[in-house]
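One structure below.
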Amino acid sequence: MKPVVRLSGDDETVTAVANEAVEVLRAQPQAASALFSRLWNLHQRRRRFVSASAAPAIATASAPPRAQSSAGYLAVWGTLLGIGLTAALTSAVMLGPSDRKNAFTDPELAVSTAFVAGVIAIPVLLVVLLLRVPDVRSARIGEASSALVGLLCVAMLAIRLVLGTGDDRGFTPEDLAIWLPMTTAITLLIAGVAIRSDRVRRQDAALTPRVRASVDPGDLRQMRRDAEWAASSSSPTPSDKAEWSRRLDTLASAGIDATTIAQARTLAPAAWVAWLAYDGEIDIAGVIPRP
């Protein structure tokens, strides 16, 4: 494909030349009507693409930059999260259902271990919840690990609520009166850490500059081909060339930028309006007639 032609000059200058190009093209009404119809279709597709591409950059520019965390802060946050989740998991599984691993575990030892682990987990997780998430990578790790441990805690809670003291672990109602509210509080704290980490991850994803175009790469290539076709679709007659040159001379006399006029002299009228339609940022309403 040929290089894209970028029209020289500001919007007002470019559209002034385009108005003269349209008048020259009107000398062949049937061909001009077909050309204008295709150019409007091209312009609307290109305008959607340009608008979608510019949106993320605007959002990123208006958003405050996220503070960078030191290696020390990152280590402290990760250590606290690891301690909190490990203690939470330990507290939950100590009162899990009977299996080969805990069938012979003394119930008093299990309750004591669960209580100590819960006493550690609650304040540590509360601190993690109040601290700022260091970065996006930490947010991903925090979200995934918190979700996993949180689901296990919920599962242990549900199983113990269903079984109560009716299994062969030997727990008493007094044991559950301590463990159930403590594990519920731990689960809520874990959910808070997971939600906060998810918000940080999503916020960063939303602010990352990227092109969110409403068209696929194939359509981008097709738009360029359409512009190239339109630019070469009309072969101006000698009288059209003379009229085009005369109109450009008039614009030059009116003070239109000399660089723009010089570029226009190298292009046919159809080529000028074709690349104007392809631009996507300059509104062609009032310049190129609607079909």
Side-chain angles (χ1 to χ4, degrees), residues 66-67 69-206:
R66 183 170 180 80
S69 300
S70 65
Y73 181 84
L74 181 62
V76 169
W77 187 88
T79 300
L80 290 175
L81 178 65
I83 292 173
L85 293 180
T86 301
L89 184 61
T90 301
S91 178
V93 299
M94 282 294 104
L95 271 73
S98 177
D99 57 24
R100 290 181 297 175
K101 294 182 179 180
N102 59 24
F104 302 103
T105 302
D106 181 69
E108 292 185 2
L109 177 60
V111 172
S112 299
T113 304
F115 178 76
V116 172
V119 169
I120 295 173
I122 290 176
V124 173
L125 289 173
L126 181 59
V127 171
V128 173
L129 182 61
L130 296 176
L131 289 176
R132 176 178 56 84
V133 180
D135 51 31
V136 180
R137 182 173 180 273
S138 299
R140 294 193 187 100
I141 295 173
E143 180 184 5
S145 56
S146 297
L148 178 60
V149 175
L151 288 174
L152 291 172
C153 289
V154 170
M156 294 298 104
L157 269 173
I159 291 172
R160 188 48 60 188
L161 284 171
V162 172
L163 296 177
T165 58
D167 61 350
D168 56 3
R169 290 294 305 275
F171 299 123
T172 66
E174 290 76 14
D175 296 335
L176 298 187
I178 297 174
W179 182 84
L180 287 174
M182 181 174 65
T183 305
T184 300
I186 291 173
T187 303
L188 292 175
L189 287 171
I190 292 174
V193 173
I195 291 171
R196 188 171 187 197
S197 299
D198 178 68
R199 290 177 64 182
V200 171
R201 179 185 61 80
R202 289 176 181 271
Q203 182 183 30
D204 181 82

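For the single chain, residues carry numbers from 1 onward in sequence order.
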Inter- and intrachain pairs under side-chain hydrogen bond (donor to acceptor under 3.5 Å, both in side chains), touching residues 176-191, at least two apart: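 Sorted pair list: W179-T183.
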Cut-off 3.5 Å, no hydrogens considered: what does the side-chain donor-acceptor table look like for residues 107-121, sequence neighbours left out?
from, atom 1, to, atom 2, distance (Å)
S112, OG, E108, O, 2.8
T113, OG1, L109, O, 2.8

Could you pull out the closest heavy-atom pair between [X] and [Y], with the gap in Å?
{"X": "I186", "Y": "S91", "answer": "CD1-OG, 4.1 Å"}
{"X": "I122", "Y": "A185", "answer": "CD1-CB, 4.4 Å"}
{"X": "S138", "Y": "L74", "answer": "OG-CD1, 2.9 Å"}
{"X": "M94", "Y": "F171", "answer": "O-CZ, 3.8 Å"}
{"X": "T165", "Y": "P173", "answer": "CG2-N, 3.7 Å"}
{"X": "V193", "Y": "L125", "answer": "CG2-O, 4.1 Å"}

Name the atoms and distances for all side-chain donor-acceptor pairs under 3.5 Å in residues 144-156, with sequence neighbours left out.
from, atom 1, to, atom 2, distance (Å)
S145, OG, I141, O, 2.7
S145, OG, G142, O, 3.4
S146, OG, G142, O, 2.7

Measure the [atom1]-[atom2] distance between [X] and [Y] for me, rounded to the nearest 0.5 Å.
{"X": "I190", "Y": "L81", "atom1": "CD1", "atom2": "CG", "result": "9.5 Å"}
{"X": "I159", "Y": "L163", "atom1": "CD1", "atom2": "CG", "result": "7.0 Å"}
{"X": "L189", "Y": "L85", "atom1": "CG", "atom2": "CG", "result": "10.5 Å"}

Under a 4.5 Å cut-off applied to non-hydrogen side-chain atoms, are L95 and L176 in contact?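 Yes. Closest side-chain heavy atoms under 4.5 Å.
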Can you list the residues that meet the side chain to side chain contact (heavy atoms under 4.5 Å, CB included) rule with T172, with sequence neighbours excluded?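 Partners of T172 by the side chain to side chain contact (heavy atoms under 4.5 Å, CB included) criterion, ordered by chain and then number, come out as E174, D175.
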Who are the salt bridge (charged side-chain N to carboxylate O under 4.0 Å, His left out) partners of D198, not counting sequence neighbours?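 Listed in chain order: R201, R202.
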R196: salt bridge (charged side-chain N to carboxylate O under 4.0 Å, His left out) partners, not counting sequence neighbours: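 Expected list: none.
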